[in-house]
Amino acid sequence: MTGIAVIGVGHWGKNHARVYKELCQEGLVDTVQICDVDQARVLELSNTLGIQGTSNYQQILNDSEIQAVSIVTPSRTHYKVAKECMEAGKDVLVEKPLTMDIAEAEALVKIADENNRVLMVGHVFRYHPAVQELRRRRNEGELGKVQAIISNRLTFGLPRKDMGVIYALGIHELDMFCYLMEVDYPESVTAVTSRVYSQDMEETVVLAVDFGNVKGYAFESWLVPGHEKKRDLLVVGSKMSARVDYLKPQELCLYDTRVITENGVPASIEDKGERVVSIPYAEPLKEELRQFLSCVNSRQKPLTDGVVGVRAVAMSEASLTSARTGKAVKLPL
Ligand code: NAD
């Protein structure tokens, strides 16, 4: 049984608080507390959820009933808050990106090891039920040989002020592509970015992620009208292809279609249509937080541990360098 706190309950952190409260009702968590420097936010959410709140995270650090903390503050604050929490004896789940600096990310992994703390990073899409189903089918050979991975994460809204699309959105694809390819890093990444309103942060990026024979392509933007939100993942296989709509965790779409070759030359298309596989609904964030709680109790390393977080930061940095230089950047850095 575990006492939990969420530090930072803005746009995303309030979801952590809500899900922990639900896990409380399932008996997996004893108590939930929230903390935010914005007192009005604390008051409102603590009233809605019926939980305690504070505007100073030092109180969380000093509270011996709290074993584990979700850190959902702005990305540039993650290093300081996570370091202090781990040094105070708390296990931490840090939202992605782990940090926006490779040396800081590596330092957090070291601090976790030295203090025997769980350090997990919120790469939530690895816990998406449709992604799990896709991986299972791919591993059983249903897709044949993976030929390409294609993702879109498009929306029309105000660009974030604290980070560009690479750290905010592209990092999901950089991590997911490696997860699907079962490698630590791609061979290289190439990024083309653009910005319309920001002086210094990209608002759109196209990423080409090179895994040798297989390439991953990702298109990320805040400035694409016409879609309320488009978030998808397509794995093209030699036998079959599969598509995840990240907004629909309860289904996976399979395309029973392929190129038929004769003497190695594409000769025709065989298309037996598409079908939707139903999957029991589970909220990806809830699955992620279940994994965190399980690791807090078992002391196992999470699927998205600090090292996974460091790699995602390194790939994001490589993408920013590529956009700046106009060249592919080899990995690991
Ligand atoms: P936000 O600005 O809406 O919320 C951040 C909150 O942290 C604010 O309420 C702010 O007052 C509070 N805060 C700042 N400094 C603090 C401190 N020292 N102590 C306590 N509270 C503090 O931002 P957001 O969109 O919720 O993003 C927060 C983090 O979550 C970012 O790192 C972002 O990348 C990540 N995120 C992840 C996902 C995902 O899919 N995994 C989705 C959205 C955001």
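Only this structure's heavy atoms are used, side chains among them; waters, hydrogens and symmetry mates stay out. Numbers for residues simply follow the sequence, beginning at 1. Numbering of ligands and ligand atoms starts at 1, following listing order.
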- Item | Heavy atom of the protein closest to atom 37 (C) of ligand 1 (residue, atom name, distance) | Glu95 OE1, 3.2 Å

- Query: Which atoms of ligand 1 have any heavy atom of His78 under 4.0 Å away?
  - Reply: 32 (O)

- Query: Does ligand 1 have an atom that lies less than 4.0 angstrom from a heavy atom of Lys80?
  - Reply: no

- Could you list the atoms of ligand 1 found under 4.0 angstrom from a heavy atom of Ile7? 19 (N), 20 (C)

- Query: Is atom 2 (O) of ligand 1 close to the protein, meaning a heavy atom under 4.0 Å from it?
  - Reply: no

- Query: Should you measure from each heavy atom of Gly8, which atoms of ligand 1 turn up under 4.0 Å away?
  - Reply: 7 (O), 21 (N)

- Just jot down the ligand 1 atoms closer than 4.0 angstrom to any heavy atom of Val124, in number order. 40 (O), 41 (N)

- Query: If you round to the nearest 0.5 Å, how far is CG of Leu154 from NZ of Lys229?
  - Reply: 12.0 Å

- Message: Polar contacts were defined as any N/O atom of the residue lying under 3.5 Å from an N/O atom of the ligand; does this apply to Lys96 and ligand 1?
- Response: yes

- Message: Less than 4.0 angstrom from a charged side-chain N to a carboxylate O is my criterion; do Glu104 and Lys83 meet it?
- Response: no

- Query: Among the heavy atoms of Thr73, does any lie under 4.0 Å from an atom of ligand 1?
  - Reply: yes

- Sole residue of Glu140, Glu182, Glu142 in salt bridge (charged side-chain N to carboxylate O under 4.0 Å, His left out) with Arg135: Glu182

- Query: Taking the minimum heavy-atom distance to atom 27 (O) of ligand 1, which of Arg160, Lys161, His11 ranks first?
  - Reply: Arg160

- Query: About how many Å separate CZ of Arg299 and CG of Asn297, when rounded to the nearest 0.5 Å?
  - Reply: 8.5 Å

- Query: Do any heavy atoms of His172 fall under 4.0 Å from ligand 1?
  - Reply: yes

- Item | For Ser75, atoms of ligand 1 separated by under 4.0 Å from a heavy atom | 31 (C), 32 (O), 34 (O)

- Query: Between Leu331 and Pro186, what is the shortest heavy-atom contact and its length?
  - Reply: CB-O, 3.5 Å

- Query: Can you list the ligand 1 atoms lying under 4.0 Å from a non-hydrogen atom of Gly122?
  - Reply: 41 (N)

- Message: To the closest 0.5 Å, what do you measure between CG (Asn152) and CG (Leu169)?
- Response: 12.0 Å

- Query: Does Pro97 reach ligand 1, in the sense of a heavy atom lying below 4.0 Å from it?
  - Reply: yes

- Can you tell me how far the CZ atom of Arg275 sits from the CG atom of Asp256, to the nearest 0.5 Å? 7.0 Å

- Identity and distance of the protein heavy atom lying nearest atom 36 (N) of ligand 1: Trp12 CD1, 3.7 Å

- Note on the structure: Check: of Ala168, Pro74, Gly10, min heavy-atom distance to atom 7 (O) of ligand 1 comes from Pro74

- Task: Taking only heavy atoms of Met163 into account, list the atoms of ligand 1 that are under 4.0 Å away from them.
- Result: 33 (C), 34 (O)

- Query: Only one of Arg137, Arg243, Gln132 clears side chain to side chain contact (heavy atoms under 4.5 Å, CB included) with Leu252; which?
  - Reply: Arg137

- Message: How far is atom 9 (O) of ligand 1 from the closest protein heavy atom, and which atom is that?
- Response: Arg41 NH1, 2.4 Å

- Note on the structure: Restricting to heavy atoms, the pick from Asp36, Ile34, Asp38 nearest atom 11 (O) of ligand 1 would be Asp36

- Query: Applying ring pair (Phe, Tyr, Trp, His ring centres under 6.0 Å), which residue pairs with at least one partner in residues 123-177 are found, sequence neighbours left out?
  - Reply: Phe125-His172, Phe125-Tyr246, His128-Tyr246

- Task: Quick one: do Arg76 and Asp162 satisfy salt bridge (Lys or Arg N to Asp or Glu O under 4.0 Å)? Show the steps, please.
- Result: CA-CA 8 Å; Arg76 289 205 186 274; Asp162 54 348; over 6 Å; no

